[in-house]
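Okay, structure first, notes after.
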Amino acid sequence: MNIAFFLVPKDDVIYFSPHHTMRQALERMEYHRYSAVPLVDDHGKYVGTITEGDLLWKLKHSPEIGFENAHKVQLKDVPQHMTIHPVRINQQMQDLITLATNQNFVPVLDDNEVFIGIIRRREIIDYCFKLWQSEQKV
């Protein structure tokens, strides 16, 4: 199965630049109710994923920041505690299933390593469930 079928394109994905601030990230993540968001650099390359936990740990370990100064800290200065692995658009569904066990979404890159979107875990689970159902009918 071609994974492009499951792709949520970049235009429909909330993502941040490493130059966005902690405050911008906190506010957008709260508004959209996301716990993790991809980071994409100025050249369109995927550079990681920022999570709520990353932001909270930064605030905890830097009490001088506080929410009132979160606009002064760029996301590039927030350590990422989880490695969210991307896949290439030409990879197979099996590659996604392994990653989706530990990630809410899988970032997708084109042949030039440019971020082109994500595949959400729910679509992967739905695919696996339908496959399982079809095998049960045999």
side-chain contact (heavy atoms from CB on, under 4.5 Å) for L96 and V87? Distances and angles first, verdict last. CA-CA 8 Å; L96 288 176; V87 295; 3.7 Å; yes
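- With respect to the salt-bridge test (charged N to carboxylate O, under 4.0 angstrom), the residues D54 and K58 do not qualify.
- Clustering ILVMFWY residues whenever any of their side-chain heavy atoms sit less than 4.5 angstrom apart, transitively, puts L131 in a cluster other than the one holding I125.
- Here the CG-NE2 distance, from L39 to H20, works out to 10.0 Å after rounding to the nearest 0.5 Å.
- Side-chain contact between F67 and L26 is present, with at least one heavy-atom pair separated by less than 4.5 Å.
- A pairwise comparison of heavy atoms in P79 and D77 identifies CD-O, 3.6 Å as the closest pair.
- In plain terms, the two heavy atoms of L7 and I89 that are nearest each other are CD2-CD1, 4.4 Å.
- Within a 6.0 Å radius of NE2 in H43, no more than 12 heavy atoms belonging to other residues, nucleotides or ligands are found.
- A donor-acceptor contact shorter than 3.5 Å links the side chain of T101 to the backbone of T98.
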Under the side-chain contact (heavy atoms from CB on, under 4.5 Å) rule, what do L59 and M22 come out as? Steps first, then yes or no, please. CA-CA 9 Å; L59 288 171; M22 284 182 63; 3.7 Å; yes
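- If you take OH on Y34 and OH on Y15, they are separated by 13.5 Å, rounding to the nearest 0.5 Å.
- Put simply, CG on D41 and NZ on K76 are 13.0 Å apart, with the number rounded to the nearest 0.5 Å.
- Using modelled atom types, no side-chain atom of S62 and backbone atom of E64 make a donor-acceptor pair closer than 3.5 Å.
- When the side chains of ILVMFWY residues are joined at heavy-atom separations under 4.5 Å, either directly or via intervening members, I97 and F5 end up in a single hydrophobic cluster.
- Both M82 and F105 are part of a single hydrophobic cluster, where members link through side-chain heavy atoms under 4.5 Å apart.
- Residues T49 and P38 approach most closely at OG1-CA, 4.0 Å, considering heavy atoms.
- Two residues are said to be in side-chain contact when any heavy atoms from C-beta on lie closer than 4.5 Å; I50 and F16 meet this criterion.
- You'll find the side chain of D42 reaches within 4.5 Å of the side chain of S17, heavy atoms only.
- Under the 4.5 Å side-chain heavy-atom criterion for ILVMFWY residues, a single connected hydrophobic cluster contains both I3 and V106.
- A donor-acceptor contact shorter than 3.5 Å links the side chain of R121 to the backbone of A100.
- Remark: the backbone N or O of H85 is paired with a side-chain donor or acceptor of Q103 at under 3.5 angstrom.
- Judged by distance alone, the side chain of Q91 and the main-chain N or O of R88 form a donor-acceptor pair under 3.5 Å.
- Neither V108 nor V8 shares a network with the other; the hydrophobic side chains, linked directly or stepwise wherever heavy atoms of I, L, V, M, F, W or Y lie under 4.5 Å apart, form separate groups for each.
- The aromatic rings of F115 and Y46 lie parallel to each other, with less than 30° between the two planes, well short of the 60° mark.
- Remark: the backbone N or O of T21 is paired with a side-chain donor or acceptor of Q24 at under 3.5 angstrom.
- Rounded to the nearest 0.5 angstrom, L55 CG and M29 CE are separated by 5.5 Å.
- Separating the CZ atom in R23 from the NZ atom in K72 is a distance of 11.5 Å, to the nearest 0.5 Å.
- In this structure, the side chains of F6 and M93 come closer than 4.5 Å at one or more pairs of heavy atoms.
- A 6.0 Å sphere centred on CD of E30 holds no more than 12 heavy atoms belonging to other residues, nucleotides or ligands.
- For the pair V47 and P18, the tightest heavy-atom approach, listed with the atom from each and the gap, is CG2-CG, 3.8 Å.
- To the nearest 0.5 Å, atoms CG (N90) and CG (N2) are separated by 9.0 Å.
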Tell me, with the steps shown, if T51 and I84 meet side-chain contact (heavy atoms from CB on, under 4.5 Å). CA-CA 10 Å; T51 68; I84 305 296; 5.6 Å; no
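- Here the side chains of Y127 and E123 are not in contact, with every heavy-atom distance at 4.5 Å or above.
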So L109 and I116, side-chain contact (heavy atoms from CB on, under 4.5 Å) or not? Walk me through it. CA-CA 6 Å; L109 311 178; I116 59 172; 5.9 Å; no
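- A donor-acceptor contact shorter than 3.5 Å is absent between the side chain of N102 and the backbone of L99.
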